[in-house]
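Working notes for the structure below.
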Amino acid sequence: MGVSTRTTAVARAAAAALSGLVAGYAALAVAELLAVALRPSTGPVTAVGAAVIDRTPSGVKDWAVRTFGTDDKLVLQAGILAFLVLCAALLGILALRTRRLAAGCVAAFGVLGAGIALSRPDAGGLLAALPSLAGGIAGAVVLYVLAGQLASPEAAEVGAAASGDLPRPDSGDLPRRRFVLATAGVAAGATGVGAAARALEAGSTAAAEAGRATVELPAPASPAPPLPRGVDLRVEGVAPFRTANRDFYRVDTALDVPRIDPGSWRLRLHGKGVGNPRVLTFQDLLGRALVERDITLTCVSNEVGGPYVGTARWLGVPLGALLEEAGVRPPSRGGPADQLVARSVDGMTVGSPVETVMDGRDAMLAVGMNGEPLPFDHGFPVRMLVPGLYGYVSACKWIEDIELTTFDDYDAYWVKRDWAREAPVKTQSRIDTPKPFARPAAGRVTVAGVAWAQHRGIDRVEVRVDEGAWQQAELAAEGSVDTWRQWRWDWAATPGSHILQVRATDGTGALQTAKRTRTIPDGASGWHSVVVNVT
């Protein structure tokens with residue numbers, strides 16, 4: 001094969017790959033438009049991404065959270081799109097040989113996406129299959145037509161002429177123009193469809209945001225107790241006692257944050273031992289006696305010394321009282337249900353022990369966070385939280401259903417993936433300053449951080465240097481047993497490399513264990529340590 005012939009082949013392959021990319025672009029645009037109109041979670045990228053999350057081993061998920069933090073979902077979506085781009089280009093090239101097979105493969109991708117969408121717990125019926133099916137058909141038709149332009153004898157002659165193998169007859173420009181115009185037209189049309197999808201999505205988002213903006217949170221019937229003086233030591237580098245909403249950690253499986261109109265939101269309460277099943281509106285909750293409490297939440301994916309912990313002032317409906325009104329009794333009082341399963345609008349399920357939820361702690365259906373309605377990222381309009389339990393067994397965001405059942409009868413989302421059924425928060429402490437590999441000057445160095453053991457409280461924090469004797473740290477005033485506690489210790493630092501370690505004792509007198517464990521199956525344990533180089 002001569003150089004010019006190879007150039008012709010490369011040019012045709014590049015054009016074919018472009019046709020595949022344009023077909024894929026059209027398929028996604030059509031699918032996303034229909035998904036926005038029906039239910040955003042049925043879009044192929046979202047549905048496939050959610051399925052990938054569901055089927056990813058727990059260890060890999062844990063690695064993703066550690067490595068990418070709150071950007072893990074963005075990385076996943078980018079990976080899915082990159083895979084689709086590669087497949088689209090390859091199918092375009094395949095269409096040079098057999099466009100029926102290539103178009104059929106595009107349609108098959110649509111069928112696969114439809115099946116995945118239907119398998120999702122939040123599918124909502126057969127219409128969930130429509131976006132992927134329509135996108136697959138649109139992509140198949142576009143690829144078949146564009147590949148036909150490339151496969152024609154006239155197009156082959158044009159490609160040869162472009163590389164110098166044949167003369168360039170004026171009439172040869174026609175097939176080339178036809179392909180270019182067809183490709184450009186489809187791309188423009190797909191862009192228009194995508195713009196329509198974005199506009200429709202923006203309208204839906206705007207409606208939800210407008211609904212949130214109109215929410216006026218009532219004054220709590222039971223305000224949060226005043227915080228004692230000295231609850232925040234105000235040491236530079238230490239996390240503040242209360243975490244701002246914009247800084248509060250977010251770890252969940254939602255690829256797209258649900259935007260829910262509070263006017264249409266409903267919560268169903270039903271199941272074993274529920275003598276008075278009911279459906280509650282957002283206004284029903286706001287009309288009840290609300291409580292306000294400072295509570296620290298912790299994610300089970302938080303490594304020793306990790307950032308996935310924060311404290312906010314929450315406003316909500318006492319969950320225990322609501323359950324009692326519905327006739328629910330905990331197992332200790334003869335109730336038939338020992339598990340409360342909370343379901344989110346995105347299909348997530350969270351299982352909590354009924355006994356814990358109803359033991360008198362400030363478990364609630366929260367509607368407010370730090371003086372404002374919940375942010376969308378943190379569960380607006382309503383989320384659940386139970387002090388003392390890791391989030392995956394207590395903190396259902398975007399909640400829409402509560403079912404009373406048993407642990408024997410039902411395994412919630414994370415339990416099916418080898419996490420523990422019950423997960424009380426472990427006693428933990430963290431060094432916030434100095435940072436790892438800091439280079440403080442010799443002399444007085446402030447070592448400080450936070451410690452937490454929700455619903456047990458923190459009684460003591462100790463620090464040691466280079467595995468020497470433990471030194472008791474100064475504790476900030478305690479907000480409550482459900483909040484973290486700041487601490488500090490002044491160290492007479494000497495030049496050289498040193499290892500700082502911290503440990504805490506909770507309100508029951510139990511010492512934080514030194515044994516290092518992974519986050520799976522019920523939270524990490526071990527002492528946090530930091531290496532510093534004193535100059």
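In this chain, numbering begins with 1 at the start of the sequence shown. These numbers come from the heavy atoms of this one structure, side chains and all, not from hydrogens, waters or symmetry mates. Everything quoted here is computed from the prediction, not taken from an experiment.
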State whether the side chain of [X] and the backbone N or O of [Y] hold a donor-acceptor pair below 3.5 Å, judged by distance alone.
X	Y	result
Lys397	Ser344	no
Glu292	Ala224	yes
Arg212	Leu374	yes
Tyr410	Leu340	no
Asn370	Arg313	yes
Trp452	Thr483	no
Thr98	Ala95	no
Trp398	Phe376	yes
Asp418	Pro521	no
Thr311	Arg242	no

Quick test of your reading of the model: are [X] and [Y] salt-bridged, counting only N-O distances below 4.0 Å?
X	Y	value
Arg430	Glu303	no
Arg293	Asp482	no
Asp411	Arg421	yes
Glu400	Arg268	no

Out of Arg343, Arg266, Arg278, which residue meets the salt bridge (charged side-chain N to carboxylate O under 4.0 Å, His left out) rule with Asp401?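 Looking at Arg343, Arg266, Arg278, the match for Asp401 under the salt bridge (charged side-chain N to carboxylate O under 4.0 Å, His left out) is Arg343.
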Residues passing the ring pair (Phe, Tyr, Trp, His ring centres under 6.0 Å) test with Phe248, sequence neighbours excluded, are Trp314, His378
Over all heavy atoms of both residues, which pair between [X] and [Y] is shortest? Give the atoms and the distance, please.
X	Y	answer
Met348	Asp346	N-OD1, 3.2 Å
Gln454	Thr296	NE2-O, 2.9 Å
Leu118	Ala128	CD2-CB, 4.2 Å
Ala27	Gly135	CB-O, 3.0 Å
Ala29	Val193	O-CG1, 3.3 Å
Pro353	Leu389	CD-CD1, 3.9 Å

Using 0.5 Å steps for rounding, measure from the [atom1] atom of [X] to the [atom2] atom of [Y].
X	Y	atom1	atom2	answer
Ile399	Leu385	CD1	CG	10.0 Å
Thr519	Tyr308	OG1	OH	11.0 Å
Leu290	Leu285	CG	CG	8.0 Å

For Arg97, is the CZ atom crowded, meaning more than 12 foreign heavy atoms sit under 6.0 Å from it?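 No, CZ of Arg97 has 12 or fewer neighbouring heavy atoms, counting only those of other groups under 6.0 Å.
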Taking atom CZ as the centre, does Arg100 end up with more than 12 heavy-atom neighbours from other residues, nucleotides or ligands that are less than 6.0 angstrom away?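 It does not: Arg100 CZ has 12 such atoms or fewer within range.
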Show me the pairs that pass side-chain hydrogen bond (donor to acceptor under 3.5 Å, both in side chains) and involve residues 13-22, at least two apart or across chains. none
Name all pairs fulfilling the salt bridge (charged side-chain N to carboxylate O under 4.0 Å, His left out) condition that reach into residues 184-206, sequence neighbours left out, sorted by first residue then second.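 Salt bridge (charged side-chain N to carboxylate O under 4.0 Å, His left out) check on residues 184-206 returns Arg198-Glu201.
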So, [X] versus [Y]: side-chain donor-acceptor pair below 3.5 Å or not?
X	Y	value
Ser301	Tyr392	no
Asp284	Thr281	yes
Gln339	Ser352	no

